[in-house]
Number of protein chains: 2
Amino acid sequence: MGQRTTLKDVAREAGVHTSTASRALNDLTRSVVNADTVARVLEAADRLGYAPHPLARGLRTNQTMTAGIVIPDVENPLFGPIIAGVESALGEDGYSLLIANTERHHPDPDSVIRTLVERRVDGLILATATRDDALLELLMSRDIPIVLVNRTTERVDLPAILGDDYAGIGLAVEHLEALGHVAIGHVAGPQSLSTGRERHDAFMAWMNKLGLVADGSNVEEADWFQVDPGYVAARKLMQRRPDLTAIVAANDLLALGTYKAIRDMGQRVGDDISVTGYNDMPLVDLMEPGLTSVRVPYREMGAEAARRLLLNMRSSSPEVTEVRLTPKLAIRGSTGLVAT
Amino acid sequence: MGQRTTLKDVAREAGVHTSTASRALNDLTRSVVNADTVARVLEAADRLGYAPHPLARGLRTNQTMTAGIVIPDVENPLFGPIIAGVESALGEDGYSLLIANTERHHPDPDSVIRTLVERRVDGLILATATRDDALLELLMSRDIPIVLVNRTTERVDLPAILGDDYAGIGLAVEHLEALGHVAIGHVAGPQSLSTGRERHDAFMAWMNKLGLVADGSNVEEADWFQVDPGYVAARKLMQRRPDLTAIVAANDLLALGTYKAIRDMGQRVGDDISVTGYNDMPLVDLMEPGLTSVRVPYREMGAEAARRLLLNMRSSSPEVTEVRLTPKLAIRGSTGLVAT
DNA sequence: GAGTGTACTACAATCGATTGCAGTCGCTGA
DNA sequence: TCAGCGACTGCAATCGATTGTAGTACACTC
């Protein structure tokens, strides 16, 4: 139809004032309206196909029923499940999701977040946090509910929904130790991100805990969480430590870069050197060999971030909580018994 | 800061009426305001950190400066580049992007689209079209600009930004023919989607054009664009036609399912049977062997859909155009000379 | 019968911007 | 000197919902 139906149309049709119609249509105020009047208004609204104008409502209530999510690289398959979880959980409560993609090469990534703030989103979910993130501090003064997802920050205290990296790396290291590996290396992620740093620290802690040698020579940091930096880091690591029989990579892309490095050095993944990854991205199970990877329930992570945000938007003094989701290890062909 | 700055504050600070301040701040009306007054208003706005309230503005102008994008499965890595392209192009024009994910198992996928319409998005980009899509017809009566992306529909005439499936399948079939293959099969996608249907039709057309046999026995439709349905369809195909030396799959997941089927039948991908895929998803290059795949510029597809939507939002009589993006073939180890 | 309390509804202000229209001032030409 | 026109600015209505407040009617009690 051409013209949209407004509350005035509904009120006229039901024979009441717009304020009565508004009260009849809203759950929280319906009880002060006579039941017969309520029935007439609801029937008129349904017949006319009425939907409230979100801008008019939002201007008055100071709520947009939208949340924003900021993703560092929406092309990275890691974020699809997180977005799906967030969108689904928010949708259940009647919220819509504005998405913004910063990307590493964005000229002014902070402007992306500011745009969402100016859009008056009711809350923000940020997947972009770095460990020393100045923008988060600035956002804190804005009094807008924020939840971090996947990574956290050390700059300020904010609610964060994360994977349990300590447990996840533990699964990988223990799995390799159970296969007889003692010379285990780590291709670490960038230490400016909490995911890079925590997986590195977890690796060191688990190696020490299991009585295995971790003196720093068995760790090499990749510049970024991508295949090529993983390849470069893995080569350096294996050149420095040719004795290593297993490598724990801080994510799947680094692991696949490690595959390439192993092959370039004339060895076989899984047979000569075992490799584990992290995230259990789509298709890593179809690699040759399938990648043993720490699986984080990312969709659930997204949903939990949304639920936390919804709680914090309703609360006048939101809790700063940190939730860590329990990972599992998907064991595949890239890990095998230590060669003798 | 606590309270937000409004136009009243800026007007007071600059010593003018709010209407003058509004005109001074807006590009289209600035020219009717005296230059000295403009300078004072701009300076006040900057000093007070003023940003217009989008709801107030939108209520009056009947524009939200938002567009909606509806994705059938945001966890599918295919859609990340499309979203990235859309978000980037819209952002350049000051638009924000609301994202909704329908998912195949959503109880009421149409409600997701209706919610965006009720949100008064200025336009919609739909990646969800099926060939016979009743909701699109309903949406047409709403007078909201729509652009289809990745898939099109036969139900109504709508602008669509697509891959050139005819050219893409042609690249694959010609490549295989050049390698000496004559017995080529097709693992088709679901025919209810334009991508499934068009790639199937393109395959038949190219086989006929090259004088190769395509009698229907060399085609098997997968129920969905996933690995397992691809596996099932590939097995059926190879059981029915054991002579096939090459298979053109309608997307990468079907291709990877075909890999599994080939291996289960004791043969080697690339050596015994060549396989091509479509989309060139992340990680298919790292498969063993790397998948030869038709690469569609999905990020550019998203950006073009956004540009088309922006044009149509500005136009009172938008063109129904169909743009097809030229694919390329990424040649890898999954295709080789026909075995003799 | 009068007074009081409660249920129900209407009135009007409000949110914060945009914009049609009108008033004022200064300049120019007859 | 006066009228007309253009530049500039202010006034007030408007977008469409929500909500504080007030008015009215009816029932109950003394």
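Keep in mind that the numbers below use all heavy atoms, side chains included, and drop hydrogens, waters and symmetry copies. Below, read A as the first sequence line, B as the second, and so on, with proteins coming before strands; counting in each chain starts at 1.
Where B/Arg60 and A/Val32 meet DNA chain C, the nucleotide closest to each residue was compared, and A/Val32 sits on the side nearer the 5' end. Judged by closest nucleotide on DNA chain C, A/Thr37 is the one of A/Thr18 and A/Thr37 placed further toward the 5' end.
For the pair B/Leu55 CG and D/dT14 C1', the interatomic distance rounds to 16 Å; values are reported in whole Å. Distance, B/Asn62 CG to C/dT19 P: 11 Å, rounded to whole Å. When rounded to the nearest whole Å, the span between CG of B/Asn34 and C1' of D/dA7 equals 9 Å. Atom CG in B/Leu28 sits about 18 Å away from atom P in C/dA17, given to the nearest Å. Look at CZ on A/Arg4: it is 16 Å from P on D/dC15, rounded to the nearest Å. Atom CD of B/Glu118 and atom C1' of D/dA17 are 15 Å apart (whole Å). Going from atom CE of A/Met65 over to atom P of D/dT18 covers 12 Å, rounded to whole Å. A straight line from CZ of B/Arg30 to P of C/dT19 spans 14 Å, rounded to a whole angstrom.
B/Tyr50 has a side-chain polar atom (N or O) that falls below the 4.0 Å cut-off from OP1 or OP2 of C/dA17. Contact between the side-chain N/O atoms of B/Thr61 and the OP1/OP2 oxygens of C/dT18 is not found at any separation under 4.0 Å. The phosphate of C/dT18 has OP1 or OP2 within less than 4.0 Å of a side-chain N or O from B/Asn26. Contact between the side-chain N/O atoms of B/His17 and the OP1/OP2 oxygens of D/dC11 is found at a separation under 4.0 Å. Between A/Ser19 and D/dT18 there is no side-chain polar atom (N or O) within less than 4.0 angstrom of OP1 or OP2. Regarding contacts with the backbone of D/dG10, a side-chain N or O of B/Thr20 is found under 4.0 angstrom from either OP1 or OP2.
B/Arg30 contributes a side-chain N or O that, together with a main-chain N or O of B/Ala24, makes up a donor-acceptor pair within less than 3.5 Å. Proximity of a side-chain donor or acceptor of A/Arg151 to a complementary backbone N or O of A/Leu193 within less than 3.5 Å is not detected.
Residue A/Val33 is in sugar-phosphate contact alone, with no base atom involved, counting any heavy-atom pair closer than 4.0 Å across all strands shown.
A/Thr64 and A/Asp122 form a side-chain donor-acceptor contact under 3.5 Å, judged by distance and modelled atom types alone. Between the side chains of A/Ser96 and B/Arg119, at least one donor N or O lies within less than 3.5 Å of an accepting N or O.
What you find for B/Leu309 and B/Ala67 is that their closest heavy atoms are CD2-CB, 3.9 Å.
Judged by distance alone with a 3.5 Å cut-off, a donor-acceptor contact links the side chain of B/Arg23 to the base of C/dG20.
Comparing C/dT18, D/dA17, C/dG16 against the side chain of B/Ala56 picks out C/dG16 as the nearest.
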